[in-house]
Every structure is written in C-alpha cells, then in structure tokens.
K.L.:
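First the structure, which I've put down as structure tokens, then a few questions once you've had a look.
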Amino acid sequence: MNKEIALQKLKTLEGQDLRKLAEKYNITVFKEGKTNKGWAGQTVERAIGLPLNSSQCPNAGSWELKLVSLKKKVDGTLVPKETMQITMINEKDVLERPFESSHLLSKLRSLVICGRIFVSKNEPESILYKVGTFDLKGELYKIVKTDYEDVRNAIRTRGFKSLTGHMGELVQPRTKGPGHGSISRAFYARKGFVAIILDIGT
DNA sequence: CTATGATCATCC
DNA sequence: GGATGATCATAG
C-alpha cells in the first residue's frame with residue numbers, strides 16, 4: 001500500500017469512534033483492568049489494512065503511521081496529551097550514522113500522523129480527530145539534528161545507559177520497552193514538537 | 001525474549 | 001501540571 005492510498009483511507013476514518021472500530025477488529029483495549037497502550041494505533045492499522053508487525057522498518061514500505069492522543073483544554077483548544085514515541089534507539093546505529101541517514105530522520109520525513117481525542121483513561125470513546133503528514137525541514141531540521149548529535153555525544157562520552165529524558169529540545173531519548181528490567185530506549189517527540197507536526201495550536 | 005504499537009505512574 | 005522513567009498487549 002502506498003502513502004496516498006493509506007491517507008485516503010484514513011480520511012474516511014476521520015470523525016469516527018476508534019473504540020467501536022477496536023471492537024469490530026477485535027483489538028484488546030483492556031485486559032484484567034490493564035490497558036493495551038497500543039490499542040489505538042493497532043486499531044487504525046487494522047482498519048486500513050496494514051499488517052501488525054514489530055519491524056523497525058516502516059511497516060508499509062516508505063512511510064510510517066503514528067497516532068497521538070490529544071486533550072481538550074477548557075477553552076476548546078486541542079493540545080498533545082503526551083510526548084510521542086518516534087523510533088527505537090540502537091546504540092551502534094546511532095554512533096555510526098550521521099543524522100542524515102538515521103532512522104530518526106527517515107521516520108520523521110515520512111510520517112503520517114493521526115490525532116485522536118483522549119477522553120479519559122477509561123477510553124469511553126475516542127474520536128479520530130485528524131490525519132496529516134509531516135516533512136522535517138528548515139529550522140526544525142536543524143534543531144532535531146542538534147538533538148540527535150547531543151545524543152550521540154552522550155553515548156560516546158558517558159555511555160548508552162546515561163541517556164535520560166531531560167536531554168533534547170524537540171526530540172528526547174527515553175526508556176521504552178517491555179518493562180521488567182529489559183531496558184531499551186527510543187526517541188520521543190516533545191509535546192511542542194508534536195503540536196507542530198500535527199499542525200494544531202501553533 | 002525483544003521488537004512494535006503508545007500511555008501510565010511517579011517525581012519534581 | 002509537566003516531564004521522566006516504567007510498563008502493557010501483541011506479533012515474530
């Protein structure tokens with residue numbers, strides 16, 4: 001499937017309640033009182049016919065589907081609820097590759113991003129608010145590149161394990177993984193950056 | 001087990 | 001209230 005087709009399908013999903021779609025596609029949202037944190041993303045992938053897989057490569061060829069949750073402020077403005085995970089950090093990969101050929105850049109340049117409205121952690125309903133694409137360029141490109149270089153530097157001088165979430169201006173390295181002691185890290189987009197990507201709130 | 005999909009829980 | 005670090009379900 002190419003990006004344009006996927007985009008068209010996603011457009012038809014705009015305004016729909018993802019909770020209902022999740023049920024339709026048999027996606028687990030809750031289990032024993034715990035949340036499947038990836039349910040929203042998996043639901044959308046299923047809905048447009050994308051395979052669920054765990055490869056670091058873009059799952060549909062040359063682009064990447066991401067979903068972020070938005071919350072509504074009292075004045076009605078939608079803002080990113082949380083940071084967004086972009087891609088895993090592979091120590092060796094980051095050390096060897098310049099920003100120009102990093103996974104981080106390739107993901108950012110081919111993003112298809114969807115915003116869903118977060119109601120509460122019980123997820124009584126969740127409307128797909130909007131879908132959009134993003135291309136990293138100009139000023140943003142420079143800042144992200146700087147963040148990436150900082151991470152490389154930190155790995156070189158202090159080691160992979162020294163990476164912490166307070167680094168980075170637009171993207172940050174954070175722990176992310178199955179939990180239970182297995183530690184891996186990923187790049188996350190800070191909220192301000194997410195707002196820019198989604199083109200909301202400006 | 002570890003990759004992906006992201007959010008939850010806690011600390012400041 | 002926001003940021004940081006930890007965690008859950010599913011697939012291979």
Side-chain angles (χ1 to χ4, degrees), chain A residues 6 10 18-19 21-23 25-61 63-75 77 79-94 103-104 106-107 110-124 126 128-129 131 147 150-151 154 160-195 197-198 201:
Chain A
L10 288 169
L18 294 179
R19 274 308 307 273
L21 289 174
E23 281 174 30
Y25 293 102
N26 289 311
I27 304 291
T28 302
V29 178
F30 295 111
K31 189 170 190 176
E32 318 265 331
K34 295 179 180 169
T35 310
N36 170 8
K37 298 176 183 179
W39 78 264
Q42 291 165 358
T43 297
V44 174
E45 292 185 326
R46 279 280 176 82
I48 65 171
L50 241 39
L52 265 48
N53 70 63
S54 56
S55 162
Q56 186 172 36
C57 300
N59 48 22
W63 52 281
E64 178 79 4
L65 179 64
K66 287 287 177 204
L67 191 149
V68 295
S69 59
L70 271 24
K71 67 177 179 183
K72 210 169 197 173
K73 293 202 303 186
V74 285
D75 61 8
T77 317
V79 294
K81 176 175 165 292
E82 304 244 19
T83 49
M84 177 187 75
Q85 182 261 159
I86 302 169
T87 189
M88 293 292 293
I89 297 178
N90 179 307
E91 176 178 9
K92 189 159 151 285
D93 210 60
V94 172
H103 282 301
L104 177 61
S106 60
K107 293 258 181 179
S110 53
L111 271 187
V112 172
I113 190 163
C114 307
R116 61 173 261 248
I117 298 180
F118 176 87
V119 179
S120 76
K121 71 176 183 180
N122 299 321
E123 308 285 7
S126 189
L128 214 230
Y129 175 67
V131 304
D147 287 343
D150 278 350
V151 170
F160 187 65
K161 296 186 183 64
S162 74
L163 260 31
T164 81
H166 59 257
M167 296 175 55
E169 195 175 323
L170 291 183
V171 294
Q172 59 178 174
R174 292 255 292 284
T175 62
K176 179 256 195 286
H180 306 293
S182 174
I183 302 302
S184 51
R185 274 163 223 265
F187 281 110
Y188 285 76
R190 288 185 182 279
K191 288 202 245 179
F193 192 27
V194 175
I197 294 173
L198 245 189

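Here is how names work: the chains are called A, B, and so on, in the same order as the sequence lines, proteins then strands, and each is numbered from 1. All values derive from a computational prediction rather than experimental measurement.
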K.L.:
Could you state the atom-to-atom distance from CD of A:Glu169 to P of C:dG2 in whole Å?
P.N.:
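Whole-Å distance recorded here is 19 Å.
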K.L.:
Judged by each residue's nearest nucleotide on DNA chain C, which is more toward the 5′ side, A:Glu32 or A:Leu163?
P.N.:
A:Leu163
K.L.:
Of all the nucleotides listed (B:dG5, C:dG2, C:dA9), which has the minimum atom distance to the side chain of A:Lys31?
P.N.:
C:dA9
K.L.:
Which whole-number value in Å describes the distance from A:Leu50 CG to C:dT10 P?
P.N.:
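After rounding, the gap between these two atoms is 19 Å.
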K.L.:
In whole angstrom, what separates A:Asn26's CG from B:dG5's C1'?
P.N.:
17 Å
K.L.:
My understanding is that only residues two or more places apart in sequence, or in another chain, count here; which of them pass side chain to side chain contact (heavy atoms under 4.5 Å, CB included) with A:Lys73?
P.N.:
A:Asp75, A:Thr77, A:Val79
K.L.:
Quick one, give me the B/S/- string for nucleotides 6-12 of chain B, reading 5' to 3', where B means a protein heavy atom under 4.0 Å from the base and S means that only happens at the primed atoms, P, OP1 or OP2.
P.N.:
BBBS---
K.L.:
Going by the rule side chain to side chain contact (heavy atoms under 4.5 Å, CB included), which residues pair with A:Glu23 if we only count those two or more places apart in sequence or in a different chain?
P.N.:
A:Arg19
K.L.:
With sequence neighbours excluded, tell me which residues meet side chain to side chain donor-acceptor pair (under 3.5 Å) with A:Arg174.
P.N.:
A:Thr83, A:Gln172
K.L.:
Please walk me through it: do A:Arg116 and A:Val44 pass side chain to side chain contact (heavy atoms under 4.5 Å, CB included)?
P.N.:
CA-CA 11 Å; A:Arg116 61 173 261 248; A:Val44 174; over 6 Å; no
K.L.:
Is the distance from OP1 or OP2 of C:dA3 to the nearest side-chain N or O of A:Gln172 less than 4.0 Å?
P.N.:
no
K.L.:
Identify whether any heavy atom of A:Arg46 sits under 4.0 Å from a base atom; if not, whether one sits that close to sugar-phosphate; answer base, sugar-phosphate or nothing.
P.N.:
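Sugar-phosphate, no base atom in range.
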K.L.:
Would you indicate, yes or no, if C:dA3 has its OP1 or OP2 atom less than 4.0 angstrom from a side-chain nitrogen or oxygen of A:Lys191?
P.N.:
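So the side chain of A:Lys191 is within the cut-off, an N or O lying under 4.0 Å from OP1 or OP2 of C:dA3.
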K.L.:
Check side chain to side chain contact (heavy atoms under 4.5 Å, CB included) between A:Ala186 and all other residues, then give those that pass, not counting sequence neighbours.
P.N.:
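Residues passing side chain to side chain contact (heavy atoms under 4.5 Å, CB included) with A:Ala186: A:Gln85, A:Met88, A:Lys176, A:Tyr188.
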K.L.:
Check the distance between C:dC8's C1' and A:Ile27's CD1 and give it to me in whole angstrom.
P.N.:
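Taking atom C1' of C:dC8 as the reference, CD1 of A:Ile27 is at 15 Å.
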K.L.:
Considering non-hydrogen atoms only, spot the tightest contact between A:Gly115 and A:Leu198 and give its length.
P.N.:
CA-CD1, 4.0 Å
K.L.:
Let me know the distance between CE of A:Met167 and C1' of C:dT4, rounded to the nearest Å.
P.N.:
13 Å
K.L.:
Please set out all donor-acceptor pairs under 3.5 angstrom arising from side-chain atoms of residues 26-37 of chain A, sequence neighbours excluded.
P.N.:
{"from": "A:Asn36", "atom 1": "OD1", "to": "A:Gly38", "atom 2": "N", "distance (Å)": "3.1"}
{"from": "A:Asn36", "atom 1": "ND2", "to": "A:Thr28", "atom 2": "O", "distance (Å)": "2.8"}
{"from": "A:Asn36", "atom 1": "ND2", "to": "A:Gln42", "atom 2": "OE1", "distance (Å)": "3.2"}

K.L.:
What is the distance, to the nearest angstrom, from the CD1 atom on A:Ile183 to the P atom on B:dA3?
P.N.:
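The distance from CD1 of A:Ile183 to P of B:dA3 comes to 11 Å, rounded to the nearest Å.
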K.L.:
Would you kindly give the CZ-to-P distance between A:Arg190 and C:dG5, to the nearest whole Å?
P.N.:
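Computing the A:Arg190:CZ to C:dG5:P distance gives 10 Å.
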